[in-house]
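Just so you know, these numbers use all the heavy atoms, side chains as well, and skip hydrogens, waters and symmetry mates. So you know, we letter chains A, B, ... as the sequences are listed, proteins then strands, and number each from 1.
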2 protein chains.
Amino acid sequence: MATIHDVALKAGVSVTTVSRVLNNRGYISEMTRTKVSGAMEELGYQPNEIARSLLRKQSNLFGLIIPNVSHPFFSQLADRVEYYAYLEGYKVLLCNSQMDPDKERDYIDMLKRNRVDGIIMGSHTLEVEEYRSLNSPIVTIDRKIHNNIPYISSDNYRGGQLAAELLVAKGCRKIAHICGNLELQMLSNQRTDAFLDVTIKHGVERLVVETGLNVFDENKYEKLLGQLLQEHPDIDGIFATSDILGAYAIKESLKAGKRIPEDIRIVGYDDVGASRWVRPELTTIRQPIDALGKMAIKLLRMQMDDELVAFENILPVELIERATT
Amino acid sequence: MATIHDVALKAGVSVTTVSRVLNNRGYISEMTRTKVSGAMEELGYQPNEIARSLLRKQSNLFGLIIPNVSHPFFSQLADRVEYYAYLEGYKVLLCNSQMDPDKERDYIDMLKRNRVDGIIMGSHTLEVEEYRSLNSPIVTIDRKIHNNIPYISSDNYRGGQLAAELLVAKGCRKIAHICGNLELQMLSNQRTDAFLDVTIKHGVERLVVETGLNVFDENKYEKLLGQLLQEHPDIDGIFATSDILGAYAIKESLKAGKRIPEDIRIVGYDDVGASRWVRPELTTIRQPIDALGKMAIKLLRMQMDDELVAFENILPVELIERATT
DNA sequence: TTGTACGCGTTATCAC
DNA sequence: GTGATAACGCGTACAA
């Protein structure tokens, strides 16, 4: 691979001159410029970004840590993060923590060693202490891990409220809420808070079921829902904390011989593709994934520019009513 | 951020010595070692990988170019690629081409400028010529773009054959095949070849429908399927080229008042989550996504080590029979 | 308008 | 055992 020296040699000028035409800085005669451009072309020269990064102390690299890209919510988030990063000239390093603390710690160290310009954390399995050593710009998605690390989240409480109120308004008298692990300090737990508040307020019977630590094992989902419906045949409403869970809720309800929405009403969360692939189509709470990704990049950029960023960044959710309610 | 010099200063030794304990090279007295380690600890020192990369001429970085991570197949592929890359100490740069030639070209140049150690191409919108300038190790997924760039693929012909033969064996007399754009030179077109061969051989009426260029617009899917079933009410079998298309086929069939599998049988492709979220569960052809990702990393590593790699790498597919057939 | 020389943070080579 | 120094490829004062 050709270096700036090779280009200089071929064009019969110094490396400085080559650097100048490369970066359009200072004065260069038109003739030298074409001569240099020609040499670059001929050699297929591409400036070495590694050397540039070293000099500039800036890598133009962002790290994206998430539990797992294969989960629809995170895959969409990754898509949007990449999209907005690209627009600003940044690259994205994909880091799946797999909810494994060792791997997450490893990745955080790796990102530090690679001098990334910012980190987006959509996963956190470590103790708070371990994040404090990070001195690069950082922003978390859906988790408040430290009181000076800004976070982005959609309005989880509002989402839970919208879902629960809809079910209540439709006349449900016994509603089950399926959520992740409440011990993880995640903002999505507020959906559960809202669910409890609403159902208590209206005197509706309620049930909260946690899927357990590994939120991504789908075989578990199926069993969980089947068992729930068997033990509580009088459930007439389900608020699931993801569209995938919602999809399984639909499947198991139908399997149990229930009609949707006549016998049981179901609300999902996220509004990812799955909500439209199933039948009946799933009523859900839409998370503003595009805005989430955009905001993540924006907050990193602001921190890099030493601008003041808000600690709390909450984006609105929206109820998307379809056929399951 | 502390450098090796700071550590050396603090430990009262030379940078060489620090480098030595860092890389466990040469002889160092136990005392110096602990002294240096202590200094590193205190300063929270992390070696600068950018400087290392510059010197070693190796970035430990792979580029993954795909149309879109938000598509389930690619999100799973990305997950596995990241998994195996991590095991070998490599990082993954996420590049969504969005099927946009300009962006893809941009990303290819960017990967070159960043001196990535290898590129995995799951997208190709450019002319063959534009890929030839790539002199880093490269491997493509599901596409043969040049006769000296190794490719990985699952056995598309076999997949199409399994699907078509199953439908025929179950008694379908008029089968529709929904595929992407056949003009793109993709190996998945072999599914269509197999479909045609099988249906012709058995004298079964057939229909091939292309979804058009932008394979990822789901609103189109819905209309397409609805229209197809309306214009050809006698279709009794559908072979869809993805599980998402399969899911829409199920939805539109039920909407048209057909029973599955009594009136119409449906086979999807990929075996991603969607095939289990729908009801009835979708019969599908499983792509070995994990093996695909593993092989991609392996082939890159082999090229880096100047080992001989096979040009053609075809992995077996598997028929997963569920409830739609 | 162009060239020389230094530094970015590491590691390899050769001295001591 | 340990230290000085050159080199990786580039950008930028400063000099010419």
> Across the strands shown, which category fits Thr17(A) at heavy-atom distances under 4.0 angstrom: base, sugar-phosphate, nothing?
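The residue Thr17(A) makes sugar-phosphate contact but no base contact.
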
> Does Arg80(A) reach the side chain of Asn96(B), with side-chain heavy atoms less than 4.5 Å apart?
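No. Closest side-chain heavy atoms not under 4.5 Å.
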
> How many Å lie between CZ on Arg25(B) and P on dT2(D), as a whole number?
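Distance check: Arg25(B) CZ to dT2(D) P gives 17 Å.
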
> Using a 4.5 Å cut-off on heavy atoms from C-beta on, say whether the side chain of Tyr90(B) contacts that of Leu300(B).
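Answer no - side chains too far apart.
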
> Side chain of Arg20(A), base of dG3(C): donor and acceptor closer than 3.5 Å?
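Yes.
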
> Please check the phosphate of dG11(D) (OP1 and OP2 only) for any side-chain N or O of Ser19(A) closer than 4.0 Å.
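Yes, such a contact exists.
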
> Closer to the 5' end of DNA chain D via nearest nucleotide, is it Arg52(A) or Gly12(B)?
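Counting from the 5' end, the first nearest nucleotide belongs to Gly12(B).
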
> Go through the N and O atoms of the side chain of Thr16(A) and the base of dT4(C), and report whether any donor-acceptor pair is under 3.5 Å.
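Under the 3.5 Å cut-off, the side chain and the base do form a donor-acceptor pair.
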
> What is the distance, rounded to the nearest whole Å, between atom CG of Leu55(B) and atom C1' of dG9(D)?
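It is 11 Å, rounded to the nearest whole Å.
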
> Which whole-number value in Å describes the distance from Asn114(A) CG to dG9(C) P?
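So the two atoms are 15 Å apart, to the nearest Å.
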
> Which listed nucleotide (dT2(D), dC10(D), dT10(C)) is nearest to the side chain of Ser29(B)?
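Nucleotide nearest to Ser29(B)'s side chain: dT2(D).
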
> Could you tell me whether Val13(A) contacts a base, only the sugar-phosphate backbone, or nothing, with contacts defined as non-hydrogen atoms closer than 4.0 Å?
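The answer is sugar-phosphate, as Val13(A) gets under 4.0 Å only of primed atoms, P, OP1 or OP2.
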
> Asp6(B) has an atom CG; how far is it from atom P of dT10(C), in whole Å?
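Interatomic distance, CG of Asp6(B) to P of dT10(C): 9 Å.
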
> Using atom CG of Leu54(B) as one end and atom C1' of dG7(C) as the other, report the distance to the nearest whole Å.
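The distance from CG of Leu54(B) to C1' of dG7(C) comes to 12 Å, rounded to the nearest Å.
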
> Round to a whole Å and report the spacing from CG of Asn48(B) to P of dC8(D).
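Nearest whole value for this atom pair: 18 Å.
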
> Rounded to whole angstrom units, what separation is found between the CD1 atom of Ile4(B) and the C1' atom of dG3(D)?
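These atoms are roughly 13 Å apart.
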
> Dump the intermediate steps for side chain to side chain contact (heavy atoms under 4.5 Å, CB included) on Arg301(B) and Met304(B), then the final yes or no.
CA-CA 5 Å; Arg301(B) 292 303 318 276; Met304(B) 291 172 64; 4.2 Å; yes

> Between Arg105(B) and Asp102(B), does any NZ, NE, NH1 or NH2 come within less than 4.0 Å of an OD or OE carboxylate oxygen?
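Result for this pair is yes, salt bridge flagged.
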
> Among dG9(D), dT10(C), dT2(D), which is the nearest nucleotide to the side chain of Thr32(B)?
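Out of dG9(D), dT10(C), dT2(D), the nucleotide with an atom closest to Thr32(B)'s side chain is dT2(D).
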
> Which heavy-atom pair separates Ala310(A) from Pro150(A) by the least distance, and what is that distance?
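The answer is O-CB, 3.5 Å.
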
> Report yes or no: is there a donor-acceptor pair, N or O only, under 3.5 Å between the side chain of Ser14(B) and the base of dA4(D)?
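No, no donor-acceptor pair under 3.5 Å.
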
> Please report, rounded to the nearest Å, how far the P atom of dA4(D) is from the NE2 atom of His5(B).
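Distance check: His5(B) NE2 to dA4(D) P gives 10 Å.
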
> Between dT5(D), dT2(C), dT2(D), which one does the side chain of Ile28(A) approach most closely?
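It is dT2(C).
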
